[in-house]
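Have a look at the structure below before the remarks.
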Amino acid sequence: MTNPVLVEVVRSGFVESVHRGALVITAPDGSVRFSAGDIERPVYPRSSNKPLQAVGMLRAGLTIGDEELALGCGSHNGEPGHVEGALAMLSRAGLTEDALACPPAFPLHEPSMLAVASAGKRRAAMNCSGKHAAMLTTCAQLGWPTDDYAAEIHPLQKVIQATVADLTSETIETVGVDGCGAPLFAFSLTGLARSFGRLVTAMGGPERRVADAVRAHPWQVAGTGREDTVLMRTIDGLLSKGGAEGVHAFALPDGTALALKIDDGAARARLLGIDPGDEAVGLGRDAVLGGGKPVGELKVTDGLFG
């Protein structure tokens with residue numbers, strides 16, 4: 001199946017580029033309410049799967065505070081509070097920054113990056129360091145080895161894989177390596193949307209705890225000016241988590257959920273049509289510039305939603 005054009009890039013009234021992709025909206029009962037493109041083909045959800053990984057850590061026996069749990073679900077900016085949070089988590093587990101398997105990086109947040117540029121890259125500034133610190137904490141609390149915690153065969157990753165399969169109701173047949181070095185499981189957009197719906201409608205347990213922690217502490221999930229933080233602050237009860245290569249997943253508090261994947265991985269095409277209010281002026285409404293002035297727009301393809 002060739003996925004449809006979801007987004008058009010219009011310059012001076014002329015369609016200059018297009019972004020194909022697939023998206024699905026699921027009802028609170030998990031049934032498909034709307035779809036476009038191939039929603040059953042497995043994709044790598046990238047960082048959109050972090051809330052599911054966090055559920056796996058809690059099921060394994062992780063004991064952690066809600067703010068730390070949100071950081072463990074995050075793709076953070078590397079602002080000082082994010083770095084300090086990851087380091088504090090490691091310290092309480094009796095570990096240091098050297099235990100992190102994620103690669104060294106500069107902060108994504110430009111002011112934070114400029115403030116530490118002379119010191120060079122560090123692992124705790126990498127946007128996935130919160131997830132890795134939570135994984136290490138899980139291992140330390142359960143007496144599991146920490147030196148190979150990111151290996152696919154590690155007991156922690158086996159629990160996480162089983163959890164992802166349970167939440168998505170799918171068999172995991174493809175396992176890759178994410179950009180941060182942790183295992184990455186492929187599953188469908190339908191499974192991704194349904195799993196987010198299950199988190200927000202759970203009556204309790206690890207699923208609801210993850211959803212509530214992320215929504216209560218959205219800054220830990222991304223940071224200043226970032227889409228997930230802004231959206232969750234401005235849309236009451238929304239659970240939102242984006243991922244690399246054009247992936248995003250959302251769930252409203254009633255369990256209605258959406259997941260999408262842009263074929264070419266373009267981040268600019270993910271949030272069109274979302275109007276989260278004044279705090280997010282420009283979010284999801286990328287202007288097409290000519291001579292520094294708007295001469296066009298990115299727009300959802302006419303007729304996509306009927």
Side-chain angles (χ1 to χ4, degrees), residues 47-76 78 80-104 122-168 172 175 177-185 195 198-199 202-222 239 241:
S47 287
S48 290
N49 76 347
K50 285 178 178 173
L52 312 187
Q53 292 173 308
V55 172
M57 291 183 240
L58 292 178
R59 286 185 179 182
L62 172 64
T63 300
I64 196 172
D66 284 351
E67 195 164 356
E68 291 177 329
L69 183 59
L71 183 62
C73 295
S75 300
H76 63 70
H82 298 131
V83 174
E84 292 163 6
L87 293 175
M89 207 186 312
L90 290 170
S91 178
R92 282 190 286 274
L95 300 166
T96 67
E97 185 173 0
D98 290 338
L100 294 170
C102 57
R122 62 183 302 183
R123 297 182 188 276
M126 198 268 174
N127 71 92
C128 298
S129 69
K131 177 183 78 174
H132 281 256
M135 287 180 171
L136 281 164
T137 298
T138 306
C139 293
Q141 290 180 351
L142 296 176
W144 287 341
T146 57
D147 57 345
D148 63 344
Y149 74 93
E152 180 185 343
I153 61 173
H154 192 281
L156 172 63
Q157 302 303 337
K158 289 299 184 183
V159 171
I160 290 175
Q161 180 173 344
T163 298
V164 170
D166 176 50
L167 293 174
T168 60
I172 304 300
V175 181
V177 180
D178 210 339
C180 65
L184 180 63
F185 311 113
S195 68
R198 287 170 176 168
L199 296 191
M203 298 305 293
E207 296 84 359
R208 185 56 178 266
R209 184 155 177 240
V210 166
D212 288 349
V214 168
R215 293 180 293 185
H217 302 283
W219 185 84
Q220 297 288 358
V221 178
L239 176 65
K241 186 68 193 74

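Predicted, not measured: the structure shown is a model, and the values here were computed from it.
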Requested in this report: For the pair Arg59 (side chain) and Val55 (backbone), establish whether a donor and an acceptor sit closer than 3.5 Å, ignoring hydrogens and angles.
Outcome: no
Report summary line: Interatomic distance, CG@Asp178 vs SG@Cys102, rounded to 0.5 Å, equals 11.5 Å
**Report entry** Residues that Ala151 engages under side-chain contact (heavy atoms from CB on, under 4.5 Å), provided they are two or more places apart
**Finding:** Asp148, Ile153
Report task. Kindly indicate, with the supporting measurements, whether the criterion side chain to side chain contact (heavy atoms under 4.5 Å, CB included) is fulfilled by Thr138 and Leu58. Result -> CA-CA 8 Å; Thr138 306; Leu58 292 178; over 6 Å; no
Query raised in the report: Would you say the side chain of Leu199 lies within less than 4.5 Å of the side chain of Arg208, judging by non-hydrogen atoms?
Result: no
Report summary line: In terms of heavy-atom contacts, Tyr149 and Leu136 come closest through CD2-CD2, 3.3 Å
**Report entry** Nearest atoms (heavy-atom pairs only) where Cys73 meets Pro51
**Finding:** SG-CA, 3.9 Å
Requested in this report: May I ask you to decide whether Asp66 forms a salt bridge with Arg209, counting only side-chain N to carboxylate O separations under 4.0 Å?
Outcome: yes
Query raised in the report: Are His76 and Trp219 near enough that their ring centres are under 6.0 Å apart?
Result: no
Query raised in the report: Going from SG on Cys180 to NE2 on His132, what distance comes out if it is rounded to the nearest 0.5 angstrom?
Result: 3.0 Å
Query raised in the report: Rounded to the nearest 0.5 Å, how far does CE of Met89 lie from CG of Leu69?
Result: 8.5 Å
Report task. Taking all non-hydrogen atoms of both residues into account, name the closest pair between Asp166 and Arg198 and its distance. Result -> O-NH1, 3.4 Å
Query raised in the report: Does Ser91 use its side chain to pair, donor to acceptor, with the backbone of Leu87 at less than 3.5 Å?
Result: no
Query raised in the report: Within the distance-only criterion (no hydrogens, no angle test), does the side chain of His154 pair as donor or acceptor with the backbone N or O of Pro145 below 3.5 angstrom?
Result: yes
Query raised in the report: Is Glu97 salt-bridged to Arg122, going by a charged N under 4.0 Å from an acidic O?
Result: yes
Report task. Give, for atom OG1 of Thr163 and atom CD of Gln157, the distance between the pair rounded to the nearest 0.5 Å. Result -> 10.5 Å
Requested in this report: For Lys241 and Ser47, test the side chains for any donor-to-acceptor distance below 3.5 angstrom and give the result as yes or no.
Outcome: no
**Report entry** Check against side chain to side chain contact (heavy atoms under 4.5 Å, CB included), Leu90 and Thr96
**Finding:** CA-CA 6 Å; Leu90 290 170; Thr96 67; over 6 Å; no
Query raised in the report: When rounded to the nearest 0.5 angstrom, what is the spacing between CD1 in Ile172 and CG in Leu184?
Result: 9.5 Å
Query raised in the report: Hey, mind stepping through Gln161 and Val175 against side chain to side chain contact (heavy atoms under 4.5 Å, CB included) and telling me if it holds?
Result: CA-CA 9 Å; Gln161 180 173 344; Val175 181; 4.2 Å; yes
Query raised in the report: Donor-acceptor pair, Thr168 side chain versus Val164 backbone, under 3.5 Å?
Result: yes
Query raised in the report: Can you check whether Gly72's main-chain N or O pairs, donor with acceptor, with Lys131's side chain at less than 3.5 Å?
Result: no
Report task. Without swapping roles, check the side chain of Gln141 against the backbone of Thr63 for a donor-acceptor pair under 3.5 Å. Result -> yes
Requested in this report: Check whether any side-chain N or O of Arg215 sits under 3.5 Å from a backbone N or O of Leu239 as a donor-acceptor pair, and report yes or no.
Outcome: no
Query raised in the report: To the nearest 0.5 Å, what is the distance between CD1 (Ile64) and CE (Met57)?
Result: 8.0 Å
Query raised in the report: Nearest heavy-atom pair of Pro183 and Ala150: which atoms, and what distance?
Result: CD-O, 3.2 Å
**Report entry** Nearest atoms (heavy-atom pairs only) where Cys139 meets Leu156
**Finding:** SG-CD2, 3.8 Å
Query raised in the report: Can you find a side-chain donor-acceptor pair between Glu67 and Gln220 that sits under 3.5 Å?
Result: yes
Requested in this report: Measure across Leu100 and Ser129 and return the closest heavy-atom pair with its distance rounded to 0.1 Å.
Outcome: CD2-O, 4.1 Å
